[in-house]
Participant: 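Next up is a structure, given as structure tokens.
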Protein chains: 4
Amino acid sequence: MSKKAIVLQTTLELITTQGIAATSLSQIIKKSGVANGTVYHHFKNKDEIITELYLMLTQDFGTVVMRNAPEDDLKKQFTVMWLNLFYYFVNNPLAFIFSEQIARSPEIPQTLKDEARQYYNDIQDYFKKGIKAKVFKSYNTLVMEELFFGNVVSLVKIHENETVKLKEKHINQAIEISWRGFLKDDTIL
Amino acid sequence: MSKKAIVLQTTLELITTQGIAATSLSQIIKKSGVANGTVYHHFKNKDEIITELYLMLTQDFGTVVMRNAPEDDLKKQFTVMWLNLFYYFVNNPLAFIFSEQIARSPEIPQTLKDEARQYYNDIQDYFKKGIKAKVFKSYNTLVMEELFFGNVVSLVKIHENETVKLKEKHINQAIEISWRGFLKDDTIL
Amino acid sequence: MSKKAIVLQTTLELITTQGIAATSLSQIIKKSGVANGTVYHHFKNKDEIITELYLMLTQDFGTVVMRNAPEDDLKKQFTVMWLNLFYYFVNNPLAFIFSEQIARSPEIPQTLKDEARQYYNDIQDYFKKGIKAKVFKSYNTLVMEELFFGNVVSLVKIHENETVKLKEKHINQAIEISWRGFLKDDTIL
Amino acid sequence: MSKKAIVLQTTLELITTQGIAATSLSQIIKKSGVANGTVYHHFKNKDEIITELYLMLTQDFGTVVMRNAPEDDLKKQFTVMWLNLFYYFVNNPLAFIFSEQIARSPEIPQTLKDEARQYYNDIQDYFKKGIKAKVFKSYNTLVMEELFFGNVVSLVKIHENETVKLKEKHINQAIEISWRGFLKDDTIL
DNA sequence: TATGAATGAGCATTCATTCAT
DNA sequence: AATGAATGAATGCTCATTCAT
């Protein structure tokens, strides 16, 4: 494992537990066992570590949402997308934190934020398709996409909360609630 | 306006624009025009400013959700609760930030988090009532509450995003999506 | 008990446990329960508290050494002086600290140090008398006085050291060692 | 000379003239010409500078007392020990200050105090030998050792006091007084 | 590639003191 | 006599970063 990889991994762990702002370079250096100068040999500055980490983590974000999602069945596709996103966040806590902090955090440059934004297009396209198919009511697709995304996030937050044990049943309920919100009145559920 | 109030107000403004971690005491001092020592005369330390601010802002959070919500009409009550929460967050950006950061931020002590948690009880009670009235499907109420809350948050985030202009129509769409997700199959919408 | 007295007493206690330099005004204020301004109403500044305390404690220092010391019996007088000093320090830990710190501490102005010096004259006079009476060898009286004083201090330090329990026997041994050091060769012990 | 050595040396000089508590880091930085961060690169905190300094200075303390002291002649050994200690303190003012402050100062951790304590064992052993040889009266050896030590300290204090000029004659007198105090009645002086 | 010494701006906090009430 | 708000210099310490090896 290269020194560079060690630094990235260590930073990942620290940010996951403490947040971006609370994570200092000296902490990274101390925890990683890598020398001061070595960090600066591989990264121009602290922000570059964050950025590189961010790119690493969001790289597969675009593909992850649509993975194994059957394009011919809207409901099934919805469920798979929902679960893809949910487990991606559950298994990549940092990606989740980043995704949550992106909007606000001044540490992430706007260009990166915009880049991340594009991954959402797949979700938006999905809703456009659903509306066209007259399965969904013709709501604003940005609103739909954000609510969809927010629903997943809500469940991840429950899952993250150590005091509550989330069962599969609850996840299915959440997906159902999420799905039914978008339906047309006469859609056979 | 007392020096203490000035410090609180200034801190509020700085945190709203920069986040908690990025706001330094020297910034507060410079912007407020209050002397270094004066801040420490009124507050034990920096955290106490944050905490006091948080208490100030969440004090009315409990009452805000249920304000003017008609108890006899579930749908109307839902709409009013939804909008109450939405505009509360829109008008109290810091309260919003806090509410978003509570789960994660180590800067907010656990006691405060627990205190905040109780405000959610009203929402949960509402869903219990709806299930009893056979209007809502009998989902887990914690899940329902979190999804409801998350939906509001999603819209606030769209609203916050400067590049997108949120119209009343979109808000109504969001409320509708949110509401319909919880309904029983045979409920007249 | 007047506020002024409370401040002095509190300062005394703090200095005894922490030393002069480590004792801050805010500590005094917090511990005494007296208001900030009240301290400055009674004392010009922090040094004046120390000085006043010092004067209070050294006031009776001069009389204490010779108290109940029979002037006609050199040996008895020696013992009484020795014990007077010993128990004075044991019972007035601050006076002891002061007396130990005087030489070095820049916090005590030189004028005060000189003033304290005069109290030692009684001891020096005693040794002059003893030399004249041919009981003591004619050593330099300053040396004698300092060694005498130092011997008492040594025992106080043992006494102060919590891990060692000083018995009366040991004190008597110390006095004897102290006394015999000064004697002429042919003096009947 | 390394920056670390410069910091230690500068701190030594400052403490010698002003005392530990009165010596601030900014003074050390200003006087040493070393940057703020450099100090903290070499030392974990201010206390570590003091501790390291203390260890440096007391390292040879153990050997110093017994240096060149003939083991076969009790009186000569006494004189050499006495002078060794005296000149060690005179030439190492900081060691003297430390040794004086050890008992009281909360700035010196207990572990260091205990470590210093062991150096005194040689002195105590000497007195045990003297008692066994029936040259000294069988006083408590801790008392003897403390009085011996205190006598040296008394003379160092006279020496330190700028207003008094200590001559060799006075030192010899002090040694004689010190020595005679311990003797048995019938010992040929 | 890797190291760690060196830097100085900036941090939260404590300090002794002043002043209006 | 007593209070406590207000002050700003100073403290110990952390920070991200530079540089010579």
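Chain naming here is simple, since letters A, B, ... match the order of the sequence lines and numbering starts at 1 in each. Only a predicted model underlies this, so the values are computations on that prediction, with no experimental measurement involved.
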Participant: Distance check needed: F:dT14 C1' versus D:E48 CD, whole Å only.
Facilitator: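 The answer, rounded to whole Å, is 16 Å.
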Participant: Mind listing the closest non-hydrogen atom pair of B:V34 and B:I29 along with its distance?
Facilitator: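 In this case the closest contact between B:V34 and B:I29 is O-CG2, 3.2 Å.
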Participant: Under 4.0 Å between a side-chain N or O of C:S24 and OP1 or OP2 of E:dT14?
Facilitator: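 No, no such contact exists.
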Participant: Just N and O in the side chain of B:T38: are any of them under 4.0 Å from OP1 or OP2 of F:dA5?
Facilitator: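 No, because none of the side-chain N or O atoms of B:T38 sits under 4.0 Å from OP1 or OP2 of F:dA5.
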Participant: CG of C:L25 versus C1' of F:dT11: gap in Å, rounded?
Facilitator: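 So the two atoms are 16 Å apart, to the nearest Å.
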Participant: Quick one: which of E:dA5, F:dG12, F:dA6 gets closest to the side chain of C:N36?
Facilitator: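 Side chain of C:N36 sits closest to F:dA6.
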Participant: CD/D:E13 to OG1/D:T23 distance, rounded to the nearest 0.5 angstrom?
Facilitator: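 Reported to 0.5 Å precision, the distance equals 11.0 Å.
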Participant: Round to a whole Å and report the spacing from CG of C:L14 to P of E:dC15.
Facilitator: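 Those two atoms, CG and P, are 12 Å apart.
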Participant: Measuring from the side chain of B:K3 (C-beta onward, heavy atoms only), which nucleotide among E:dA2, E:dT17, F:dT7 has the closest atom?
Facilitator: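 The nucleotide sitting nearest to the side chain is F:dT7.
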Participant: Report the residue (D:S2 or B:G37) whose heavy-atom-nearest nucleotide on DNA chain E is the more 5′ of the two.
Facilitator: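 Mapping each residue to its closest nucleotide by heavy atoms, the 5'-most match is D:S2.
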Participant: Judged by each residue's nearest nucleotide on DNA chain F, which is more toward the 5′ side, C:V39 or D:N45?
Facilitator: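 It is C:V39 whose nearest nucleotide is closer to the 5' end.
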Participant: Look up atom CD1 in B:I20 and atom OH in B:Y54, then write down how far apart they are to the nearest 0.5 Å.
Facilitator: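 OH of B:Y54 is found 10.5 Å from CD1 of B:I20.
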Participant: By nearest atom, which of the nucleotides E:dT7, F:dG12, F:dT3 is closest to the D:V34 side chain?
Facilitator: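 Closest of the options to the side chain of D:V34: E:dT7.
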Participant: Which nucleotide, in any strand shown, forms a Watson-Crick or G-U wobble pair with F:dA20, with both distances under 3.5 Å?
Facilitator: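 Here F:dA20 is engaged in a pair, and the nucleotide opposite it is E:dT3.
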Participant: Map B:Q27 and D:A35 onto DNA chain E by nearest heavy atom, then report which one ends up closer to the 5' terminus.
Facilitator: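 Mapping each residue to its closest nucleotide by heavy atoms, the 5'-most match is D:A35.
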Participant: Please report the shortest heavy-atom distance between C:S24 and C:Q27, naming the atom on each side.
Facilitator: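 Distance-wise, the nearest heavy atoms are N-OE1, 2.9 Å.
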Participant: Verify the contact: side-chain N or O of D:H42 to OP1 or OP2 of E:dG4, cut-off strictly under 4.0 Å; return yes or no.
Facilitator: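 No, no such contact exists.
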Participant: Rounded to whole angstroms, how far apart are CG on C:D47 and C1' on E:dT17?
Facilitator: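 Taking CG of C:D47 and C1' of E:dT17, I get 12 Å after rounding.
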Participant: Mind calculating the distance between NZ (B:K46) and P (E:dG10) to the nearest angstrom?
Facilitator: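 Roughly 16 Å, once rounded to whole Å.
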Participant: Here's a test for you: under side chain to side chain donor-acceptor pair (under 3.5 Å), which of D:H42, D:Q9, D:H41, D:E52 qualifies with D:K4?
Facilitator: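 Of the listed residues D:H42, D:Q9, D:H41, D:E52, the side chain to side chain donor-acceptor pair (under 3.5 Å) partner of D:K4 is D:E52.
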Participant: Provide, to the nearest angstrom, the distance between the CD1 atom belonging to A:I29 and the P atom belonging to F:dA16.
Facilitator: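 After rounding, the reported distance stands at 8 Å.
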Participant: If you check the C:H41 side chain, which of E:dG4, F:dT3, E:dT3 turns out closest?
Facilitator: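 Of the options given, the side chain of C:H41 lies nearest F:dT3.
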Participant: Out of E:dC15, E:dT17, E:dT13, which nucleotide sits closest to the side chain of C:S26?
Facilitator: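 Shortest atom-to-atom distance from the side chain points to E:dC15.
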Participant: What is the distance from atom CG of B:L25 to atom CD1 of B:I49, rounded to the nearest 0.5 Å?
Facilitator: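 Atom-to-atom, B:L25:CG and B:I49:CD1 are 5.0 Å apart.
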Participant: Go ahead and name the base partner of F:dT14; Watson-Crick or wobble counts if both distances stay under 3.5 Å, otherwise write none.
Facilitator: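 Across any shown strand, F:dT14 pairs with E:dA9.
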Participant: In whole Å, I'd like the distance from the CZ atom of C:F43 to the C1' atom of E:dT18.
Facilitator: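 Those two atoms, CZ and C1', are 18 Å apart.
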Participant: Heavy atoms from C-beta onward define the side chain here; which of F:dG12, E:dT13, F:dA2 lies closest to that of B:Y40?
Facilitator: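 Selected nucleotide (nearest to the side chain): E:dT13.
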Participant: Roughly, in whole Å, what's the span from NZ in D:K30 to C1' in E:dG8?
Facilitator: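 It is 14 Å, rounded to the nearest whole Å.
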